[in-house]
Chemist: 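Below is one structure. I have some questions about it.
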Amino acid sequence: MLEAILRYEFLQNAFAAGILIGLIAPLLGAFIVVRRLSLIADALSHVTLSGIAASLFLSKTVVAFNGLNPLWLGMGFSVAGSLLIERLRAVYKHYQELAIPILLSGGIGVGVIFISLADGFNTDLFSYLFGSVSAVGRSDLFLITGIAIIVLIIVSLLYKELFLLSFDEEFGKASGLSTKALHLIFMVMTALVIAASMRIVGILLVSSLMTLPVAAAMRISKGFKQTIGLSILFGEIAVIVGLISAFYLDLAPGGTIVVSSILILLAAIGYRNWFAVKK
């Protein structure tokens, strides 16, 4: 496998992108799970699908969109969706969870329309839906690297604020935190990570990489920082094992990464139960 990675550029791109995504997806996922917003990744991934489908459609009908990386429009849709979620949460103050199914439904509807206009599914769209080892280009890798750097810098600078926002938002407001601005920053980061992850994991499965490693880590961790560390470790293991399996078995990497994550989760649950019985 190592020889193949050194020989083929597409494998180098896939593994480098996968390692970066295995870092930033569970990192943000830890905050998402604690805030009980796990379904937000699903909603934004479907909005991203609309952007990807729109880009593929426009590339066939508008000359200016020829050669444009669909990730850019998908990212734009995802960020716009994150802003819309925050707006809807403000509108439905007492029923804020409504924002997620509203956006999810809208994302699916718009995506289906653009897919129909683009004459149905094609190979490019399938690679975005379920991930593809060979589809990750050098431009995708640069984009993912840029997003990873941005996310790591923001989380490092605002860790205490994000921690307080996740565990005690009311206390954060009383302490003078600009919770509205923090919500906005966090939502935009989540949107960017989802858009970046789709090349490897696929749009329909990206939320799994943000939640399953966290779910496994929460079974055996003893604090939030340890949860983040274990989530990243489990995410990286799932990505690497999934990519290797996808390469040798000729499967979509999204499926193999998610199955690897589920196996890790089952192992963590089994370990916790065994430890509890032994104790």
Side-chain angles (χ1 to χ4, degrees), residues 21 24-25 27-58 65 68-118 125 128-129 143-144 146-147 150-151 154-155 158 161-162 165-166 169 172-173 177-199 201-211:
I21 291 166
I24 58 177
L27 172 62
L28 287 189
F31 292 98
I32 289 173
V33 170
V34 167
R35 294 180 65 187
R36 292 174 172 81
L37 292 174
S38 300
L39 288 177
I40 205 166
D42 282 308
L44 290 178
S45 65
H46 285 82
V47 173
T48 306
L49 171 62
S50 299
I52 295 295
S55 182
L56 294 175
F57 166 69
L58 291 172
F65 282 86
L68 177 69
N69 190 335
L71 273 178
W72 287 106
L73 198 54
M75 192 182 303
F77 271 58
S78 187
V79 171
S82 69
L83 300 178
L84 183 57
I85 284 180
E86 284 303 296
R87 178 58 184 166
L88 289 171
R89 281 163 59 89
V91 171
Y92 295 99
K93 291 182 180 180
H94 301 293
Y95 304 95
Q96 293 186 346
E97 69 278 2
L98 270 176
I100 294 176
I102 288 173
L103 195 73
L104 193 150
S105 302
I108 293 175
V110 174
V112 168
I113 289 172
F114 278 116
I115 290 170
S116 300
L117 291 173
L125 192 54
Y128 284 104
L129 285 173
L143 184 59
I144 293 168
I147 291 173
I150 292 170
V151 169
I154 292 176
V155 172
L158 299 177
E161 290 81 358
L162 291 172
L165 183 69
S166 300
E169 185 176 345
K173 288 180 180 178
L177 275 182
S178 179
T179 55
K180 190 173 182 180
L182 284 171
H183 272 302
L184 192 61
I185 291 170
F186 182 79
M187 292 296 292
V188 171
M189 280 198 302
T190 302
L192 292 175
V193 170
I194 288 171
S197 304
M198 71 179 82
R199 265 308 202 187
V201 189
I203 295 169
L204 299 181
L205 302 171
V206 65
S207 63
S208 302
L209 192 58
M210 301 187 80
T211 55

Chemist: How are the rings of Phe114 and Phe57 set relative to one another: parallel (under 30°), tilted (30 to 60°) or perpendicular (over 60°)?
Modeler: tilted
Chemist: Please give me the minimum heavy-atom distance between Ser207 and Asp42, naming the atom from each residue.
Modeler: OG-OD1, 2.8 Å
Chemist: Any pair with a residue in residues 27-36 that passes side chain to side chain donor-acceptor pair (under 3.5 Å), sequence neighbours left out, goes on the list, sorted by first then second residue, please.
Modeler: Arg35-His183
Chemist: Spell out, as yes or no, whether a donor-acceptor pair under 3.5 Å connects the side chain of Thr48 to the backbone of Ala195.
Modeler: no
Chemist: At what distance, to the nearest 0.5 angstrom, does CD1 of Ile108 lie from NE2 of His46?
Modeler: 4.0 Å
Chemist: Which heavy atom of Ile147 sits nearest a heavy atom of Ala196, and at what distance?
Modeler: CD1-CB, 3.7 Å
Chemist: Quick check: closest heavy atoms across Ser45 and Val206, and the distance to 0.1 Å?
Modeler: CB-CG1, 3.6 Å
Chemist: What are the two closest heavy atoms between Leu44 and Thr190, and how far apart are they?
Modeler: CD1-CG2, 4.1 Å
Chemist: Considering non-hydrogen atoms only, spot the tightest contact between Gly81 and Leu103 and give its length.
Modeler: O-CD2, 3.4 Å
Chemist: Looking at side-chain heavy atoms only, is the closest gap between Leu28 and Met210 below 4.5 Å?
Modeler: yes
Chemist: Less than 4.5 Å apart, side chain to side chain, heavy atoms only: is that true for Leu158 and Leu165?
Modeler: no
Chemist: Looking at side-chain heavy atoms only, is the closest gap between Ile154 and Phe186 below 4.5 Å?
Modeler: no
Chemist: Does Ser55 reach the main-chain N or O of Gly51 with its side chain, forming a donor-acceptor pair under 3.5 Å?
Modeler: no
Chemist: Any side-chain heavy-atom pair from Val193 and Ile21 closer than 4.5 angstrom?
Modeler: no
Chemist: May I ask you to test the Ile144-Leu71 pair for a side-chain heavy-atom distance under 4.5 Å?
Modeler: no
Chemist: How long is the gap from CE on Met189 to CG on Leu184, to the nearest 0.5 Å?
Modeler: 10.5 Å
Chemist: Verify, without hydrogens or angle tests, whether Ser166 (side chain) and Leu162 (backbone) share a donor-acceptor contact under 3.5 angstrom.
Modeler: yes
Chemist: In Å and rounded to the nearest 0.5 Å, what is the CG to OG distance from Leu73 to Ser50?
Modeler: 10.0 Å
Chemist: Please identify which of these residues, Leu104, Ile102, Ile40, meets the side-chain contact (heavy atoms from CB on, under 4.5 Å) condition with Ile85.
Modeler: Ile40
Chemist: Rounded at 0.5 Å granularity, tell me how far CD1 in Ile24 sits from CG in Leu209.
Modeler: 9.5 Å
Chemist: Are any non-hydrogen side-chain atoms of Val79 and Leu192 less than 4.5 angstrom apart?
Modeler: yes
Chemist: Working note: Val188 + Leu83, criterion side-chain contact (heavy atoms from CB on, under 4.5 Å); need CA distance, chi angles, decisive distance, verdict.
Modeler: CA-CA 7 Å; Val188 171; Leu83 300 178; 4.1 Å; yes
